[in-house]
Amino acid sequence: MTTSVPAAVNPPRRILMGPGPSDTHPRVWAALAAPTVGHLDPYFLQIMTEMQAMLRQVFRTTNELTLAVSGTGSAGMETCVVNLIEPGDKMVVCVNGVFGGRMADVAGRCGAQVTIVERPFGDIFSTAEIAEVVKRVQPKVVGIVNAETSTGAWQPLEEISKVVHDAGALLLVDCVTSLGGVPLEVDQWGLDAVYSGTQKCLSCPPGLAPVTFSPRAVAAIEARKTKVASWYLDLTMVRNYWGQSRAYHHTAPINMNYGLHEALRLVLEEGLEARHARHMKNHKALKAGLAAIGIKYAVAEGQQLPMLNAVLIPEGIDDAAVRGQLLSEFGIEIGGGLGPMKGKTWRIGLMGEASSPCNVLLFLAALERCLSDRGYKLSPGASVAAANAFYAKG
Ligand SMILES: *Cc1c(COP(=O)(O)O)cnc(C)c1O
């Protein structure tokens, strides 16, 4: 057999304005390329300790059990569910998009007796309907998505957390897209099991899943009668590596952890409040620009995520052709719709590093070109002017 060697990896430079991954800061790339050390090297143990301290600050929690799971956001989801659920346990899962649907799938696979509460894609859940369900079902765990990246809807948690706890249940929350983009108060809101991912508003390549568990959730894990169904994600073992004993479980993805360490340093240097304000400002500028050329949001006013702008594709405009042109001519990636929104919406991400005036103005100019090329009527430059007018107001 002859051997052949393909060309070295040389990816095109993209502007990542889709539903994730988002643009990465050069400091994170540099950290990823640092020399690998052993997973029990004193240097790496120090990195882990620092990372846990930074994760607690970003999650706004004092939870002891706070760490980065080896795997993407979905591994974080699976970690939370598989550690809290024993076969036969009741779990309520709120499904108003793809990720709620995924959580229900995971819960079923873990042996939960799953009750699904549904809302149409793009809607959010009211406290009253969750209160009714938990009273009726008496679940051990309620799972909900804070920022539904598939639809662009922003689910408030504070009131729901109260009714879930009043019913004696634990609240499990998907914060994959919300962490680092919008306010999240794990302790103040009483969230019990929370997972995120590195590749959305933390702006680190995909590969790790930050998680945090309240003392209540830890007590539930410790009270299990059966082994956790996943060996790899079993926190009763993984936590010994992240805790005092530093017992080997699996080899930590060393360089990914360097990357997240640097990404978290960037978040804390900027400051959480400033970072949230930046996400909101660029969202509003984008929205002003889109409004000026007649592009409407798919989610109701007041429920729109600043980091994931789901907008309705204008009548007669070819979804894939526009996204293709944005990518090939301008290097800009945006997302298409998922599930029932397929072909109906574009998902424009302004996550982490990608949330910048530079990207907003470039995207609007590029979108005008793509739309004009297809005969869409607009007043040339109107979107860029409207976004600029918004920025000029301060
Ligand atoms: C991206 C995302 C996930 C899944 O994360 P992966 O990194 O793709 O595994 C889960 N939930 C939400 C809300 C997401 O946006």
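Each ligand, and each atom within it, is numbered from 1 in the order the structure gives.
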Engineer: Is a salt bridge present between E270 and R275, judged by a nitrogen-to-oxygen distance below 4.0 Å?
Structural biologist: yes

Engineer: Would you call D105 and R109 a salt bridge, taking side-chain N to carboxylate O under 4.0 Å as the test?
Structural biologist: yes

Engineer: Ignoring hydrogens, just give me the one of T177, L308, T198, D174 whose non-hydrogen atom is nearest atom 13 (C) of ligand 1.
Structural biologist: D174

Engineer: When you measure from atom 8 (O) of ligand 1 to every protein heavy atom, which one gives the shortest distance, and what is it?
Structural biologist: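 Ranking protein heavy atoms by distance from atom 8 (O) of ligand 1, first comes Q199 NE2, 3.4 Å.
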
Engineer: Of the protein's non-hydrogen atoms, which lies at the shortest distance from atom 4 (C) of ligand 1, and what is that distance?
Structural biologist: S74 OG, 3.4 Å

Engineer: Number the atoms of ligand 1 from 1 as they appear, then name those within less than 4.0 Å of a heavy atom of R102, with their elements.
Structural biologist: 4 (C)

Engineer: Is there a heavy atom of E148 sitting under 4.0 angstrom from any atom of ligand 1?
Structural biologist: no

Engineer: Is A147 touching ligand 1 with its side chain, its backbone, both, or neither, if touching means heavy atoms under 4.0 Å apart?
Structural biologist: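 Within the 4.0 Å criterion, A147 contacts ligand 1 through backbone atoms alone.
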
Engineer: Nearest protein heavy atom to atom 15 (O) of ligand 1, by residue and atom, and its distance?
Structural biologist: T149 OG1, 2.3 Å

Engineer: Out of the candidates V133, V164, L172, I116, only one should pair with V92 under the side-chain contact (heavy atoms from CB on, under 4.5 Å) rule; please name it.
Structural biologist: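 Going through the options one by one, the only one that passes is V133.
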
Engineer: So, are R27 and E269 salt-bridged, with charged N and O less than 4.0 Å apart?
Structural biologist: yes

Engineer: Salt-bridged, E329 to R369, with N to O below 4.0 Å?
Structural biologist: yes

Engineer: Which of the numbered atoms in ligand 1 are under 4.0 angstrom from any heavy atom belonging to G73?
Structural biologist: 5 (O), 6 (P), 7 (O), 9 (O)

Engineer: Measure the distance from atom 3 (C) of ligand 1 to every protein heavy atom, then report the residue, atom name and distance (to 0.1 Å) of the closest one.
Structural biologist: F99 CE2, 3.4 Å

Engineer: Could E301 and K287 be called an ion pair, given the rule that one side-chain N must be under 4.0 Å from one carboxylate O?
Structural biologist: yes

Engineer: Counting only heavy atoms closer than 4.0 Å, does ligand 1 sit against the backbone of K200, its side chain, both, or neither?
Structural biologist: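 Side chain only; the backbone of K200 stays clear of ligand 1.
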
Engineer: Do K344 and I313 have side chains that approach each other closer than 4.5 Å (heavy atoms only, starting at C-beta)?
Structural biologist: no

